[in-house]
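In what follows, a structure is listed as structure tokens, so that the remarks can point back to it.
If you're wondering where the values come from, they're calculated on a predicted model, not measured in any experiment. The analysis underlying the following values was restricted to heavy atoms, covering all of them including side chains, and did not include hydrogens, waters or symmetry mates.
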Amino acid sequence: MTTMSFKQQKIGDNNNKQESKIATQEHPHRWKALALLSLAQFLIIMDTSIIGVALPAIQQQFSFSQSELQWIFSAYVIVFGALLLLGGRLSDIVGQRRIFVIGFAILTASSVLAGLAPNGTVLIAARALQGIGAALIAPSAMSILMSLFTIPSERNKAMGFWGAAAPAGGTAGVFLGGIITAYVDWSWVFLINVPIGIAVLALTWTLIPRGTRQKGRVDYLGAVSITGALILLVYAIVTANDAGWTSVQTVSLLSTSAALLGAFTIIQKRSREPLMPLRIFKTPNLLASNIVMALLGAAWIPMWFFLNLYLQQVQGYGAFESGLALLPMTAAIMALMIGASSRLIRRLGLKHSLVAGLGLLAVAMLIFVATPSTKGSFATHVLPASLVAAAGMSLAYIPALMSAISHAKKEESGLASGIVNTSYQIGSALGLAIMVAVASSQTLLDENNGIGSIEALNNGFHLAFITAAIVAAIAAIVAVMAIKKHNTPGGKEKEEVVSPTG
């Protein structure tokens with residue numbers, strides 16, 4: 001053994017001993033707490049997708065129009081994304097555990113209201129309340145996780161479980177929604193949250209530490225301006241296809257959104273305790289990682305949305321069969337994130353893993369473009385692309401999260417997680433709205449040119465998949481150009497899984 005290799009081994013042994021010593025001082029229930037936090041992440045993301053296959057039944061019961069029906073999905077996502085910054089700030093000031101509990105109490109109560117809603121107006125309002133609960137849960141849970149796991153090797157593993165919970169929740173929601181709608185009743189796509197919420201609330205006080213609290217005040221004026229800006233932006237794009245992109249309504253909404261965003265920036269510069277101190281974007285990789293995360297959401301969510309529509313509307317699958325067809329992708333994501341992603345990140349580094357994942361995601365979208373409008377084969381036309389997409393998401397999601405939050409200061413960890421979750425949710429909502437508009441326009445154009453309705457519908461889906469592939473490719477380019485590696489004194493890339501203190 002050479003002198004250099006002996007020294008490297010000795011350093012490695014010392015690091016292992018140091019990690020073992022630190023581990024004995026860590027929270028004794030941190031792995032059980034991780035299971036609870038991952039369940040919370042799974043649940044709030046599942047709530048974005050579980051209602052998908054139940055929409056026709058809901059539409060029939062409440063006589064919703066097509067434009068009204070979309071708000072059962074959009075009310076949750078828009079409020080969730082728009083209030084995440086406020087949720088992150090409240091988590092830092094009020095305390096992570098307290099905000100986590102308040103969020104779950106709101107989510108559980110609003111799920112009861114949604115499941116028992118007597119009319120469509122109450123249902124949409126309940127969905128918005130669910131979004132408020134989710135906006136409190138997500139950043140507080142992330143902040144708790146980052147404080148529980150400070151050892152790099154443990155945090156890698158913990159982030160694997162945490163990372164698997166989000167895309168798995170989104171995909172599993174489609175499957176569970178199909179089972180519930182087909183064999184029980186659509187109301188249980190909301191009521192299923194209630195026993196889970198009660199269990200989480202009961203276990204939180206035992207498993208979750210109180211967390212840290214930061215002195216300060218909440219910038220409510222900033223919260224109102226940024227929330228209004230985001231809601232109007234998403235609303236403008238969601239309704240633009242019907243109202244017209246150059247209509248007075250769309251232009252007015254976009255202009256007002258831009259004005260509110262400008263006002264928010266001015267407020268943040270002048271406020272002594274801003275909701276989102278602009279200096280936080282000086283944190284290494286935070287801005288670039290949030291752009292990548294927004295683009296990732298804008299590619300991923302439309303992909304499973306249109307894949308589900310393809311299976312049901314083109315291939316004639318039922319709700320249950322469609323959900324079953326998405327199970328391999330869900331299983332692959334969970335297996336790869338838990339079993340392989342941490343090792344790959346350690347081997348490749350965050351940046352290379354992220355770029356590889358986004359590249360695979362773009363490839364998967366392009367494979368979906370080959371799906372036929374006539375009777376297609378699941379094994380040939382759906383399964384391979386689904387598995388490639390699962391591999392891409394598994395490689396991309398965790399590095400994007402880590403790169404965005406791992407260098408934030410401890411007192412700003414809730415804010416940083418709120419920002420990155422906001423980026424993903426708003427990116428998802430905007431991406432879906434834009435790609436629905438793109439697909440609908442292509443379908444209408446083909447139908448006007450005499451193409452059959454099924455083929456025209458499928459051509460619209462294909463254009464949406466191509467657009468998603470372009471978005472994923474742009475995200476990969478941003479990651480290559482803007483996310484920086486951090487080097488140790490020896491010149492080797494440092495693993496960006498450090499304590500929240502940066």
Side-chain angles (χ1 to χ4, degrees), residues 79-100 102-103 132 135-147 150 211-233 257-294 297 400-427 478 482-484 486 496 498-502:
V79 174
F80 183 9
L83 292 179
L84 274 166
L85 283 177
L86 179 59
R89 181 61 174 162
L90 287 171
S91 174
D92 289 335
I93 293 177
V94 179
Q96 292 93 346
R97 187 175 69 180
R98 184 174 297 178
I99 291 299
F100 182 79
I102 293 172
I132 294 175
L136 296 177
I137 293 168
S140 58
M142 172 66 78
S143 185
I144 292 168
L145 184 148
M146 296 297 287
S147 64
T150 57
T212 58
R213 294 177 61 180
Q214 175 187 344
K215 292 182 179 180
R217 295 179 297 176
V218 177
D219 175 19
Y220 288 108
L221 187 59
V224 170
S225 59
I226 189 61
T227 299
L230 294 175
I231 288 176
L232 290 178
L233 175 61
S257 174
L260 286 172
L261 188 60
F264 172 75
T265 303
I266 294 173
I267 291 168
Q268 300 314 288
K269 288 181 178 179
R270 295 183 176 180
S271 176
R272 290 184 178 180
E273 298 183 49
L275 177 67
M276 186 180 70
L278 299 182
R279 58 177 169 74
I280 196 174
F281 288 105
K282 295 180 180 179
T283 302
N285 290 332
L286 181 66
L287 178 59
S289 298
N290 273 275
I291 294 172
V292 170
M293 185 61 87
L401 270 179
M402 287 183 175
S403 184
I405 65 177
S406 60
H407 290 280
K409 296 178 181 177
K410 187 174 183 179
E411 64 271 17
E412 294 178 342
S413 60
L415 175 60
S417 62
I419 293 172
V420 72
N421 277 288
T422 297
S423 298
Y424 184 80
Q425 293 301 326
I426 296 299
V478 172
I483 292 182
K484 307 299 182 183
H486 292 271
E496 300 179 15
V498 295
S499 68
T501 59

Which atom pair, heavy atoms only, marks the closest approach of [X] to [Y]?
X    : Y    : value
N290 : L286 : ND2-O, 2.7 Å
S257 : L232 : CB-CB, 4.0 Å
V79  : A135 : O-CB, 4.4 Å
I483 : S403 : CG2-OG, 3.8 Å
L84  : A138 : CD2-CB, 3.8 Å
R89  : P274 : NE-O, 4.1 Å

- Start with the C-alpha distance between S143 and Q96, add both sets of side-chain angles, then the distance that settles side chain to side chain donor-acceptor pair (under 3.5 Å), and finish with yes or no. CA-CA 7 Å; S143 185; Q96 292 93 346; 3.1 Å; yes
First locate atom [atom1] of [X], then atom [atom2] of [Y], and finally report the distance between them rounded to the nearest 0.5 Å.
X    : Y    : atom1 : atom2 : value
I102 : I99  : CD1   : CD1   : 4.5 Å
S271 : Y220 : OG    : OH    : 13.0 Å
L145 : S140 : CG    : OG    : 11.5 Å

- Message: Checking I137 against F100 for the side-chain contact (heavy atoms from CB on, under 4.5 Å) test, could you report, in this order, the C-alpha distance in whole Å, the side-chain angles of both residues, the deciding distance, and whether it holds?
- Response: CA-CA 5 Å; I137 293 168; F100 182 79; 3.9 Å; yes
- Message: Checking the side chain of S423 only, and the main-chain atoms of I419 only, is there a donor and an acceptor separated by less than 3.5 Å?
- Response: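 Checked: pair present.
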Donor-acceptor pairs under 3.5 angstrom involving side-chain atoms of residues 222-229: please list them, not counting sequence neighbours.
unit_1 : atom_1 : unit_2 : atom_2 : d
S225   : OG     : L221   : O      : 3.2
S225   : OG     : G222   : O      : 2.8
T227   : OG1    : A82    : O      : 3.4
T227   : OG1    : A223   : O      : 2.6

- Applying side-chain contact (heavy atoms from CB on, under 4.5 Å), run through S289 and V420 and close with a yes or a no. CA-CA 8 Å; S289 298; V420 72; 6.0 Å; no
- Query: Knowing that exactly one of R270, Q268, K269 qualifies, which makes a side chain to side chain contact (heavy atoms under 4.5 Å, CB included) with I266?
  - Reply: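 The single option meeting the side chain to side chain contact (heavy atoms under 4.5 Å, CB included) with I266 is R270.
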- How far apart are the C-alpha atoms of E273 and D219, what are their side-chain angles, what is the distance that settles it, and do they pass the side-chain contact (heavy atoms from CB on, under 4.5 Å) test? CA-CA 7 Å; E273 298 183 49; D219 175 19; over 6 Å; no
- Message: Using side-chain contact (heavy atoms from CB on, under 4.5 Å), reason through T422 and L230 one step at a time and then give a plain yes or no.
- Response: CA-CA 10 Å; T422 297; L230 294 175; 4.1 Å; yes
